[in-house]
Amino acid sequence: MQPITVIKIGGGEGIDLQPICEEVAQLVRAGQRIVLVHGGSHETNTLSERLGHPPRTIVSPSGHTSRRTDRQTLDTFTMVYCGRINKRIVEDLRVHGVDAIGLSGIDGGLWTGERKKAIRAIEDGRTVLIRDDLSGKVVAVDATLLTMLLESGRTPVLTPPAVTADGVAINVDADRAAAITASKLEAETLLLLSNVPGVLADPNDPDSLIADANSAGFDTVRAAAMGRMKNKVLAAEEAIAGSVRRVVIGSANGDNAIGRALTGRGTVFAAQQIVTTTEHATARAIVEGS
Ligand code: ADP
């Protein structure tokens with residue numbers, strides 16, 4: 001049986017999904033088992049503006065950023081993620097002969113999540129508590145359903161939202177959802193592809209790529225990551241602390257983006273090289289504490 005690869009495609013500006021779908025089709029034709037996860041942040045922002053409900057960002061005291069998700073935002077989010085982007089990817093894959101099936105985390109309770117009860121946020125320099133946000137994180141994945149789909153030759157295309165045990169849809173970070181999915185499927189590789197070449201030591205210098213996260217040290221990688229890159233690094237650490245052998249944070253742009261990431265172009269996190277207990281303990285503390 002071929003090992004499983006989970007590929008998360010970012011939803012940032014300028015990511016061209018067509019060549020990615022073509023490449024996924026080539027890999028599936030070659031017998032690879034692939035689970036695709038996608039985002040949609042840029043299009044959600046654009047549509048939110050057009051619908052007169054502009055996007056807002058929550059900044060936590062530790063500097064993590066997330067989308068402020070009220071009911072109207074969640075509706076817009078669902079239109080973009082589960083609608084246009086998910087179905088466009090499924091269509092593109094089917095055009096290339098892949099038996100793709102699009103599912104959100106709500107469908108069949110695929111991604112069960114916990115809703116954040118209260119979020120500490122920094123607003124105008126003050127810490128405030130937000131209690132009505134419809135966001136959280138994935139805590140369980142229906143790996144049986146995904147395995148069944150893969151065994152029947154389907155390629156799952158997954159997207160947030162997730163759903164709570166009470167049936168409420170919640171916005172979850174797609175990178176971290178991809179990470180727990182890869183862990184629960186015991187995937188060999190997780191690719192987190194976006195519009196940057198990987199984690200840059202200096203976010204403004206595209207030539208400052210940190211190629212080997214293990215050699216650099218996870219603390220260094222974590223410290224370099226700003227804004228939304230923090231979630232990708234956290235996702236990579238969570239996957240490695242789970243059962244994934246290798247995570248690559250790489251570019252979704254240009255020719256052969258998946259092939260390049262698979263050969264290690266980007267920032268590579270490797271499981272077998274985690275030898276220091278401090279690093280492992282830190283990764284675990286982040287996973288358990290967040
Ligand atoms: P997605 O495509 O998954 O939505 P994002 O575009 O939100 O991903 O996340 C990647 C972004 O993170 C980059 O566009 C970049 O602006 C930002 N970033 C912050 N710190 C770094 C860093 N150290 N290296 C690379 N990118 C970084």
Side-chain angles (χ1 to χ4, degrees), residues 6-21 35-48 55-60 62-69 73 76-77 80-81 84-86 88-89 105 135 137-138 157-161 171-182 190-213 216-239 247-254 257-258 260-261 265-269:
V6 176
I7 304 173
K8 191 267 175 171
I9 311 297
E13 195 170 5
I15 293 179
D16 187 358
L17 292 170
Q18 281 237 328
I20 298 276
C21 289
V35 174
L36 220 53
V37 178
H38 66 83
S41 53
H42 176 64
E43 272 196 45
T44 302
N45 291 346
T46 310
L47 184 61
S48 297
R56 284 175 294 157
T57 300
I58 295 173
V59 183
S60 79
S62 64
H64 273 266
T65 56
S66 57
R67 183 184 294 280
R68 172 78 168 102
T69 311
T73 302
T76 308
F77 180 97
V80 173
Y81 281 68
R84 212 194 80 80
I85 297 184
N86 190 268
R88 181 61 72 81
I89 293 175
S135 65
K137 66 171 181 176
V138 178
V157 182
L158 311 181
T159 184
N171 177 8
V172 292
D173 179 64
D175 291 296
R176 295 179 69 194
I180 189 169
T181 303
L190 168 66
L191 304 181
L192 300 173
L193 306 183
S194 72
N195 56 8
V196 281
V199 187
L200 304 170
D202 172 0
N204 298 315
D205 176 4
D207 294 327
S208 67
L209 178 73
I210 302 173
D212 183 338
F218 288 2
D219 288 343
T220 307
V221 181
R222 214 179 293 128
M226 307 291 156
R228 290 178 45 81
M229 183 53 76
K230 283 180 187 289
N231 285 327
K232 289 186 198 303
V233 171
L234 185 53
E237 293 194 56
E238 286 173 343
V247 181
V248 184
I249 299 181
S251 173
N253 295 323
I258 295 175
R260 279 185 285 118
R265 292 277 291 278
T267 303
V268 180
F269 299 70

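Atoms considered below: every heavy atom in the structure, side chains included; atoms not considered: hydrogens, waters and symmetry mates. Atoms within a ligand are numbered from 1 in the order they appear, just like the ligands themselves.
- Contact annotation for atom 16 (O) of ligand 1: protein absent (non-hydrogen atoms, distance under 4.0 Å).
- Looking at Tyr81, its side chain does come within 3.5 Å of a backbone N or O of Ser41 through a donor-acceptor pair.
- A 4.5 Å side-chain heavy-atom check between Lys8 and His38 finds every atom pair outside the cut-off.
- Between Thr44 and Arg67, the closest side-chain pair of non-hydrogen atoms falls below 4.5 Å.
- Less than 4.0 angstrom separates some heavy atom of Gly10 from each of these atoms of ligand 1: 1 (P), 2 (O), 3 (O).
- Shortest contact from atom 14 (O) of ligand 1 to any protein heavy atom: Asn195 OD1, 3.0 Å.
- Minimum interatomic distance between Val233 and Arg222 (heavy atoms only, all atoms of both residues): CG1-CA, 4.1 Å.
- At a 4.0 Å heavy-atom cut-off, ligand 1 does not touch Asp202 at all.
- Look at Gly198 and you'll find a heavy atom under 4.0 Å from some atom of ligand 1.
- A 4.5 Å side-chain heavy-atom check between Leu190 and Val248 finds every atom pair outside the cut-off.
- Residue contacts with ligand 1 include Ser41, since one of its heavy atoms falls under 4.0 Å from the ligand.
- Between the choices Lys8, Met229, His38, Lys232, the shortest heavy-atom distance to atom 21 (C) of ligand 1 belongs to Met229.
- Looking only at distances, no side-chain donor or acceptor of Thr69 sits under 3.5 Å from a matching main-chain atom of Thr73.
- Only the side chain of Val196 comes within 4.0 Å of ligand 1, counting heavy atoms alone; its backbone N, CA, C and O stay farther away.
- Taking 4.5 Å as the limit, some side-chain heavy atom of Phe77 sits within range of a side-chain heavy atom of Pro160.
- The shortest N or O to N or O distance between Ser194 and ligand 1 is not under 3.5 Å.
- Taking all heavy atoms of Met226, Arg228, Glu13 into account, the minimum distance to atom 7 (O) of ligand 1 is reached by Arg228.
- A donor-acceptor contact shorter than 3.5 Å links the side chain of Thr267 to the backbone of Ile210.
- Of the possible polar contacts, none joining the Ser208 side chain to the Leu200 backbone as a donor-acceptor pair under 3.5 Å is found.
- Considering both main-chain and side-chain atoms, Leu200 comes within under 3.5 Å of ligand 1 through a nitrogen or oxygen pair.
- For ligand 1, the polar-atom distance check finds no N/O of Leu193 at less than 3.5 Å from any of the ligand's N/O atoms.
- If you look at His42 next to ligand 1, there are no close heavy atoms at all, none under 4.0 Å.
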